[in-house]
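A quick write-up on the structure given underneath.
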Amino acid sequence: MAEFSRPQSEEAFEKNFAQIKPLMNETQAYYESSRCLFCYEAPCVNACPTGIDIPLFIRQINTGNALGAAKTIYDANYFGNACGKVCPTEVLCEGACVYIHQDVKAIEIGRLQSFATTKAIVDHEQLFTPGADNGKKVAVIGAGPAGISCACELRLKGYVVDIYEAKEKPSGLTIYGVAPYKIRNEEVLTEVDYLKRQLGFHINYNHPIDSKEIVEQLEEDYGAIFLGIGLGETNNIELPGEDLENCLGAVEYIEALRMRHHEVGFGNKVVVLGAGNTAMDAASESARMGAEKVVLAYRRSKEQMRAYEFEYDLAKSVGVKGLFNVSPIEIVGDGKVEGVKFIRTKNENGKLTTVPNSEFLEPCDMVIRATGQSKLVEFLSNIQGLELDNLDRIKVNYKNYQTTNAQYFAGGDAVNGGVEVVNAVAEGKIAALGIDKFLMSNE
Amino acid sequence: MADLSINFAGIKAPNPFWLASAPPTNSGYQVMKAFDQGWGGAVWKTLGVPVVNVSSRYGGMNYRESRMVGFNNIELITDRPLKDNLKEIEEVKKHFPDHAVIASLMVESREEWHQIIRDCENAGADGLELNFGCPHGMCERGMGSAVGQEPEVLKTIVSWVKEVAQTPVIVKLTPNITDVTEPAVAAKEGNGDAISLINTIQSLMGVDLDNFVCYPNVDGASTNGGYCGPAVKPIALNMIKSCAQHPDVNLPISGIGGIENWRDAVEHILLGAGCVQVCTAVMHYGFGIIREMIPGIDRYMDEKGFKTIDEMVGKALPNTKTWENLNLKYKVVADINEDKCIQCQLCYIACEDGAHQAIGLPDEDSRVPYIIEENCVGCNLCAIVCPVEGCITMERKDDGSQSITWKERTAKGDIPTTFNDPLAGGIGHWIPEPIEALKKGKK
Ligand SMILES: Cc1cc2nc3c(=O)[nH]c(=O)nc-3n(C[C@H](O)[C@H](O)[C@H](O)COP(=O)(O)OP(=O)(O)OC[C@H]3O[C@@H](n4cnc5c(N)ncnc54)[C@H](O)[C@@H]3O)c2cc1C
Ligand SMILES: Cc1cc2nc3c(=O)[nH]c(=O)nc-3n(C[C@H](O)[C@H](O)[C@H](O)COP(=O)(O)O)c2cc1C
Ligand code: SF4
Ligand code: SF4
Ligand code: SF4
């Protein structure tokens with residue numbers, strides 16, 4: 001395949017990971033915004049988890065009021081810029097655009113959204129001012145999209161908000177997880193900075209909340225606590241050979257890639273285990289890192305993949321090969337990964353069974369396990385009375401995202417099990433409104 | 001292949017597509033190029049005592065991504081010496097003896113008229129067009145539309161012209177007048193051979209919101225100009241129709257205004273134009289648009305069985321009546337084709353807020369609106385706003401056996417005459433109570 005040569009420099013990395021939704025220029029934005037029909041009760045709005053008034057902001061762009069458009073966007077979604085780039089718009093707003101019914105290309109809502117918000121960010125447009133200090137404090141654990149969205153909304157209402165973040169950068173998986181061809185690191189950071197400058201929440205970096213004592217201290221110091229902790233490391237798959245060098249978890253590999261770009265380790269022949277969106281990303285990214293061969297191996301059939309179709313298409317477009325109905329039985333190698341032993345599977349009356357004597361070896365020098373992220377069960381056990389559901393997701397009341405411990409609210413991946421940035425943003429905001437009601441009624 | 005050649009008021013041309021007197025006919029170079037590309041005639045940029053123009057002369061009216069749906073100018077007549085123009089007319093005629101070259105003229109005194117007519121005819125002009133239309137600049141000096149707006153003056157000048165003219169005389173009319181047939185009749189009474197219309201419409205193209213100066217900006221100031229381009233076609237068509245139907249006009253008409261393609265041209269012809277003139281479309285796209293116009297009209301004529309242009313002239317006139325002669329028994333009702341509908345609900349909100357509350361929205365499971373037949377007055381609005389061609393059609397509901405016009409009802413005394421007359425047309429139309437509006441919610 002070798003469609004991409006291995007990037008040796010930052011420029012080469014940028015080229016291999018060129019943005020799939022590049023920033024629109026004025027003319028593109030003008031033309032594209034002209035096409036919007038200004039639908040009544042527009043279905044695109046209903047498809048947006050944050051309910052952005054899409055026809056309105058597109059019309060504002062079209063009338064030369066991009067800053068007004070940015071305000072419309074940010075009023076609904078504090079990650080308006082990032083969401084325009086990283087949202088799976090094909091299955092959200094753009095997937096609902098009425099043009100689809102006519103086999104006409106949907107309005108490029110995501111790119112228009114990034115266009116308007118970029119303008120506001122570059123212009124340092126002041127869209128928000130914090131509410132007058134109401135004397136109350138809220139702690140937010142996790143500076144991911146859920147946490148930051150919650151913090152922004154609380155600042156509008158006059159709360160002092162302290163965010164505690166284990167890592168050294170804000171925005172959670174937006175910077176540590178999302179594929180680099182969707183958004184650049186500095187774009188993510190600039191938006192958070194933009195919000196922070198206007199709204200003035202505090203982020204304490206490298207500050208994991210990791211013991212019962214600290215948790216209790218927070219409970220004492222703050223009226224309410226928001227849990228925006230996301231998910232944990234990649235799940236183990238309990239296979240022989242999993243500890244070999246170059247057998248990596250997808251989330252960990254991607255984090256390294258996002259932080260170190262072309263300097264990250266790479267494989268020439270990569271096997272990715274799994275068929276979710278993260279698997280698609282890891283496979284695409286390996287290909288763009290110059291791997292000669294990338295195989296995406298999945299136990300079940302192609303039709304049963306959890307990944308969005310467009311994500312699989314994107315992976316295929318950079319040369320990734322799908323290998324379906326194969327189950328890994330062992331990762332082989334002498335100290336270092338040398339291959340994966342698979343056995344073929346088939347669907348028998350709705351049950352997945354292995355095909356006897358169908359074992360084969362797929363040689364490779366890197367294995368990426370995209371087998372889902374673990375839940376942060378251990379940490380959560382520090383919080384008294386906090387219940388999890390049968391999938392270890394934090395239980396909440398969906399009206400206000402309050403947990404079973406009244407002082408705690410939660411949102412994002414830790415609650416929904418791992419969806420998208422936009423869902424985390426939406427939930428963080430609803431939780432903030434819940435916190436406000438909770439603290440105000442506790443007067 | 002139909003015969004496209006025409007004999008317009010004695011002026012012969014290979015086809016009915018002429019360039020209007022304007023910048024595209026400024027020079028022999030341009031006219032020669034246009035003829036070479038297929039244009040049948042050209043009305044030379046208006047000749048007279050050469051003027052001095054301002055710099056910054058045009059304004060454009062865009063509609064969303066469509067540029068120049070309207071166009072205006074504050075230019076005057078030719079700024080080139082007469083002798084240069086005459087020399088070039090002569091040269092063009094030498095190369096294109098069968099094409100129509102019309103000299104457009106605007107001067108003041110009888111002597112000037114006589115002299116310039118002789119000069120132009122000596123140079124080989126096939127006809128003369130008297131510019132009584134220009135609505136800016138020249139009219140301040142008592143020429144152009146200042147003449148066109150005064151039928152008596154117009155008649156006098158036409159008769160001066162006719163004293164010496166050997167070639168046919170076309171009188172170009174201004175639309176900046178209450179009843180265009182008045183100057184048309186005056187042209188006839190002055191012995192003019194034809195009329196052409198419309199010239200541009202007085203306009204201001206818009207205001208620069210930053211410096212409060214209208215477009216086009218001439219050193220911090222602007223002035224009203226002449227409006228033309230696609231947006232003026234409906235006005236032109238109506239005026240052409242009025243002249244064509246007026247019993248005392250009875251002159252060949254050269255149709256001008258908003259013509260950009262063969263369809264526009266055919267519309268002018270069907271309402272009474274014997275040839276057409278084009279300016280803005282050429283200023284926008286160049287002479288090359290003739291490539292589309294000739295085969296377009298040719299195919300249309302073949303399909304409809306027209307052998308000559310003359311056979312088409314005025315074909316739509318018998319069907320263009322005064323309001324009082326329309327059939328009040330004719331009844332159409334909107335019909336939505338559910339398979340074509342893309343569910344934008346623009347028809348719903350248009351009828352709901354802008355017409356007769358005759359469209360309903362279905363429950364949850366569908367977004368395809370439906371027509372409430374009892375309320376539908378058959379206004380066409382929904383069919384006009386619907387973005388899908390042929391999705392909303394207006395279906396005839398009366399059986400066609402009955403006809404009564406306002407005129408006939410008036411004769412019978414069967415019309416509403418008092419404020420609360422039971423004969424009012426709206427009686428029986430269901431309209432919701434005003435207070436119902438407040439239950440609808442904002443959108
Ligand atoms: C590989 C990958 C690709 C993705 N691609 C996309 C995409 O293209 N588009 C999209 O919309 N979504 C994508 N997602 C999903 C998206 O990134 C998440 O849904 C979203 O980031 C969830 O936000 P969150 O705030 O709930 O959690 P996170 O983003 O995970 O943020 C949680 C934060 O909390 C911190 N934290 C956790 N525990 C503690 C603690 N005890 N103390 C202090 N801090 C703590 C973490 O360090 C982290 O910064 C992707 C996810 C992955 C894994
Ligand atoms: C269907 C229709 C009916 C109208 N009826 C009236 C009327 O009853 N009284 C009136 O003063 N103008 C009437 N107008 C003219 C409008 O008030 C307005 O002057 C004109 O449409 C130009 O504005 P616009 O470009 O925003 O449409 C009517 C216009 C339309 C389209
Ligand atoms: S559905 Fe498409 S056309 Fe309609 S408002 Fe939304 S973006 Fe515009
Ligand atoms: S034709 Fe007019 S009244 Fe009838 S449904 Fe359409 S918009 Fe409403
Ligand atoms: S305007 Fe046309 S496409 Fe839109 S909802 Fe109505 S019928 Fe359907």
Side-chain angles (χ1 to χ4, degrees), chain A residues 24-48 51-69 72 75-76 92-109 111-112 115-116 123, chain B residues 60-69 206-211 215 336-355 357-371 381-392 437 439-443:
Chain A
M24 280 181 167
N25 61 37
E26 298 268 347
T27 308
Q28 288 174 311
Y30 185 66
Y31 277 26
E32 191 62 6
S33 60
S34 292
R35 291 204 304 132
C36 174
L37 297 167
F38 201 69
C39 297
Y40 180 74
E41 294 283 7
C44 54
V45 178
N46 294 331
C48 171
I52 299 175
D53 191 340
I54 294 164
L56 173 60
F57 91 69
I58 294 181
R59 208 176 176 85
Q60 288 173 307
I61 291 175
N62 197 252
T63 58
N65 184 10
L67 295 176
T72 301
D75 273 344
L92 297 174
C93 53
E94 293 175 19
C97 178
V98 297
Y99 273 120
I100 305 257
H101 297 298
Q102 218 180 2
D103 291 329
V104 172
K105 197 166 77 76
I107 301 289
E108 290 193 67
I109 300 168
R111 290 181 70 201
L112 285 168
F115 170 82
D123 285 7
Chain B
M61 152 100 170
N62 303 334
Y63 183 72
R64 297 202 181 171
E65 82 277 36
S66 297
R67 299 191 72 79
M68 261 169 89
V69 296
V207 188
D208 187 325
L209 299 188
D210 291 323
N211 56 22
Y215 307 107
I336 297 176
N337 179 334
E338 295 187 8
D339 296 331
K340 286 190 174 175
C341 173
I342 62 169
Q343 307 168 16
C344 65
Q345 300 189 347
L346 288 174
C347 57
Y348 164 76
I349 201 62
C351 186
E352 167 74 11
D353 289 1
Q357 300 80 45
I359 300 185
L361 295 181
D363 306 331
E364 303 292 282
D365 47 328
S366 164
R367 276 186 54 91
V368 180
Y370 60 88
I371 305 293
L381 177 64
C382 54
I384 294 167
V385 300
C386 178
V388 183
E389 201 55 47
C391 172
I392 300 185
K439 298 180 190 158
K440 286 265 168 174
K442 295 197 178 74
K443 191 73 204 179

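Here is the naming used below: chain letters follow the sequence lines, and residue numbers restart at 1 for every chain. Since the model is a prediction, treat every value here as computed from it, not as a measurement.
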Original post:
Tell me, do Arg367(B) and Glu41(A) make a side-chain contact under 4.5 Å, heavy atoms counted?
Top reply: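 Counting from C-beta outward, Arg367(B) and Glu41(A) do come under 4.5 Å.
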**OP:** Compare all side-chain heavy atoms of Ile342(B) with those of Ile100(A) and state whether any distance is below 4.5 angstrom.
**Re:**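 Answer no - side chains too far apart.
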Original post:
Considering all heavy atoms of both residues, which atom of Leu37(A) and which atom of Cys344(B) are nearest to each other, and what is their separation?
Top reply: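 Nearest heavy atoms, Leu37(A) then Cys344(B): CD1-CB, 4.3 Å.
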Original post:
Is the number of heavy atoms from other residues, nucleotides or ligands under 6.0 Å of Phe38(A) CZ greater than 12?
Top reply: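 Result for CZ/Phe38(A): enclosed.
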**OP:** Step through the shown structure and confirm whether more than 12 heavy atoms of other residues, nucleotides or ligands are within 6.0 Å of CD on Glu65(B).
**Re:**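 Result for CD/Glu65(B): enclosed.
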Original post:
Does any heavy atom of chain B fall under 4.5 Å from the side chain of Cys44(A), the backbone, both, or neither of them?
Top reply: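 The answer is neither part of Cys44(A).
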Original post:
For Arg64(B), does its backbone N or O pair with a side-chain atom of Tyr30(A) as donor and acceptor, under 3.5 Å?
Top reply: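 Yes, the answer is positive, given that a donor and an acceptor are paired below the 3.5 Å cut-off.
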